[in-house]
Amino acid sequence: MKLGVLGPLLLCADGAIQVPTAPKQRQLLALLLLNANQVVPVSQCIEELWEYNPPASAVSTLHTYIMQLRRALRLGNDSEPKIGTGCAGRLVTRDRGYLFVSRQGELDVDAFEDRLRESRQALSDGDDPAAAMALRDALAVWRGPALVDVQPGPVLRTWLASLEESRLSTIERRIEVDLRLGRHQELIGELSALVERHPVHENLHAHLMLALYRSGRQVHALEVFTRLRTVLSDELGLEPSPALRRLHQAVLSFDPALEAPPVHVPSRFSIDLDLGRIRRVLSEPCRV
């Protein structure tokens, strides 16, 4: 069985897609999959389906949705039961709630987290090429925006925000490793698109500045800083962080510490802007 929330909702058994078509059933299935192997209380199901204004019949209606969901899982997209799939039996009533049983290797979120653990181990070992590969594998698990075909309620919205943040931080980490591996020119297009989608994200702007500078495009790197400072000032009334201003100063002065490190030299992951050899520059007093 294949179970997926990192993209369109997915439940595939014996080669047959068994995702229900009814919106409330899809919403309920998504909630259960995101809490796979854990009991989801009836109260949380009701909150997700009706937010903060449930009908008087909410509990009985929820029971009906569960029965319909079990039937949808049993029948899939056909009118005859799928003998041997056992899908309906995965949805268990327990402890005033419901639980969806997921086995190892079935749920895409688990695969994503497994690859992230591999990347953290590689980073801890100072093995940047292995870390980059594991991070790419983690991101390849995603089939698009999480639950793009499900209308979320308040509980799912919280889950989706957390998943999207995890995806973005994984992209950041992969870019940081790629910069250490000397792939700055390859990253410019991707980073340009990312800063357009995240116009006040300082780390992404810092990575784009560094990639441009290392590609011989100092002027463009400075323009990135200027645009960010304008956006921060106009929209939030803020200035760029001291670390980013120090990077700006380093770009202005052609500081040698900004040059790419030798690819054969392993370097450990840093949770700062992770610009590796420019820590010294970022720790100096700001002169801007």
Side-chain angles (χ1 to χ4, degrees), residues 1-114 141-164 166-167:
M1 182 179 292
K2 294 182 179 179
L3 307 171
V5 296
L6 302 181
L9 183 64
L10 174 67
L11 193 156
C12 180
D14 294 346
I17 301 296
Q18 296 185 242
V19 176
T21 56
K24 290 291 187 185
Q25 292 174 23
R26 296 171 70 85
Q27 190 178 357
L28 187 55
L29 177 60
L31 178 64
L32 294 167
L33 289 182
L34 280 169
N35 293 273
N37 301 319
Q38 300 180 54
V39 175
V40 181
V42 167
S43 60
Q44 192 174 87
C45 293
I46 290 174
E47 179 184 353
E48 169 60 27
L49 294 173
W50 291 286
E51 302 208 12
Y52 310 110
N53 189 30
S57 60
V59 174
S60 61
T61 302
L62 175 61
H63 291 334
T64 300
Y65 288 156
I66 290 291
M67 289 190 299
Q68 292 172 340
L69 184 54
R70 285 195 176 111
R71 176 177 171 79
L73 295 178
R74 185 173 67 251
L75 299 181
N77 293 326
D78 301 324
S79 58
E80 297 297 326
K82 304 290 185 183
I83 304 300
T85 62
C87 289
R90 298 287 193 105
L91 180 48
V92 180
T93 301
R94 186 178 296 168
D95 300 330
R96 298 183 181 178
Y98 303 99
L99 176 149
F100 193 98
V101 178
S102 170
R103 296 171 185 152
Q104 186 173 4
E106 291 182 338
L107 184 60
D108 57 3
V109 171
D110 293 339
F112 176 65
E113 292 176 350
D114 286 345
V141 173
W142 287 70
R143 295 167 288 114
L147 296 175
V148 66
D149 56 348
V150 175
Q151 181 63 45
V155 182
L156 281 183
R157 284 196 291 269
T158 300
W159 271 101
L160 293 177
S162 175
L163 286 171
E164 186 55 37
S166 181
R167 184 186 194 186

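From a predicted model like this one, the values you see are computed outputs, not experimental measurements. Nothing fancy with the numbering, it's 1 onward along the sequence.
Residues Y52 and P154 have side chains in contact (heavy-atom distance under 4.5 Å, counting atoms from C-beta outward). Side-chain atoms of V40 and V155, non-hydrogen and from C-beta on, never get closer than 4.5 Å to each other.
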Please tabulate, for the side chains in residues 92-100, all donor-acceptor contacts under 3.5 angstrom to protein atoms that are two or more places apart in sequence or on a different chain.
residue: T93; atom: OG1; partner: R70; partner atom: NH2; Å: 2.9
residue: Y98; atom: OH; partner: H63; partner atom: ND1; Å: 2.7

What pairs of donor and acceptor atoms, side-chain ones from residues 22-32 against any protein atom, are under 3.5 angstrom apart with sequence neighbours left out?
residue: K24; atom: NZ; partner: L49; partner atom: O; Å: 2.5
residue: Q25; atom: NE2; partner: Q68; partner atom: OE1; Å: 3.1
residue: R26; atom: NH1; partner: P20; partner atom: O; Å: 2.9
residue: R26; atom: NH2; partner: D149; partner atom: OD2; Å: 2.5
residue: Q27; atom: NE2; partner: E48; partner atom: O; Å: 2.9
residue: Q27; atom: NE2; partner: E48; partner atom: OE2; Å: 2.7

Side-chain atoms of residues 104-112: list all donor-acceptor pairs with protein atoms under 3.5 Å, sequence neighbours left out, distances to 0.1 Å.
residue: E106; atom: OE1; partner: R90; partner atom: NH1; Å: 2.8
residue: E106; atom: OE1; partner: R103; partner atom: N; Å: 2.8
residue: E106; atom: OE2; partner: R90; partner atom: NH2; Å: 2.9
residue: D108; atom: OD1; partner: V5; partner atom: N; Å: 3.1
residue: D108; atom: OD2; partner: V5; partner atom: N; Å: 3.0
residue: D108; atom: OD2; partner: L6; partner atom: N; Å: 2.9
residue: D108; atom: OD2; partner: R143; partner atom: NH2; Å: 3.4

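Between atom CD1 of residue I46 and atom CG of residue N53 there is a gap of 12.5 Å, rounded to the nearest 0.5 Å. Atom CH2 of W142 is separated from atom CG of L163 by 5.0 Å, given to the nearest 0.5 angstrom. L3 contributes atom CG, which lies 7.0 Å from atom CG of L10 (distance to the nearest 0.5 angstrom).
Scored by the side chain to side chain contact (heavy atoms under 4.5 Å, CB included) test, S57 finds P55, S60, T61 as partners (sequence neighbours excluded). With sequence neighbours excluded, the residues satisfying side chain to side chain contact (heavy atoms under 4.5 Å, CB included) with D114 are R117. Residues forming a side chain to side chain donor-acceptor pair (under 3.5 Å) with Q151 (at least two apart in sequence, or on another chain): none.
Taking all atoms of both residues into account, the shortest heavy-atom contact from G4 to L33 is O-CD1, 4.4 Å. N35 and W159 get closest at one heavy-atom pair: OD1-CZ2, 3.5 Å. The shortest heavy-atom contact between E51 and G153 is OE2-CA, 4.3 Å.
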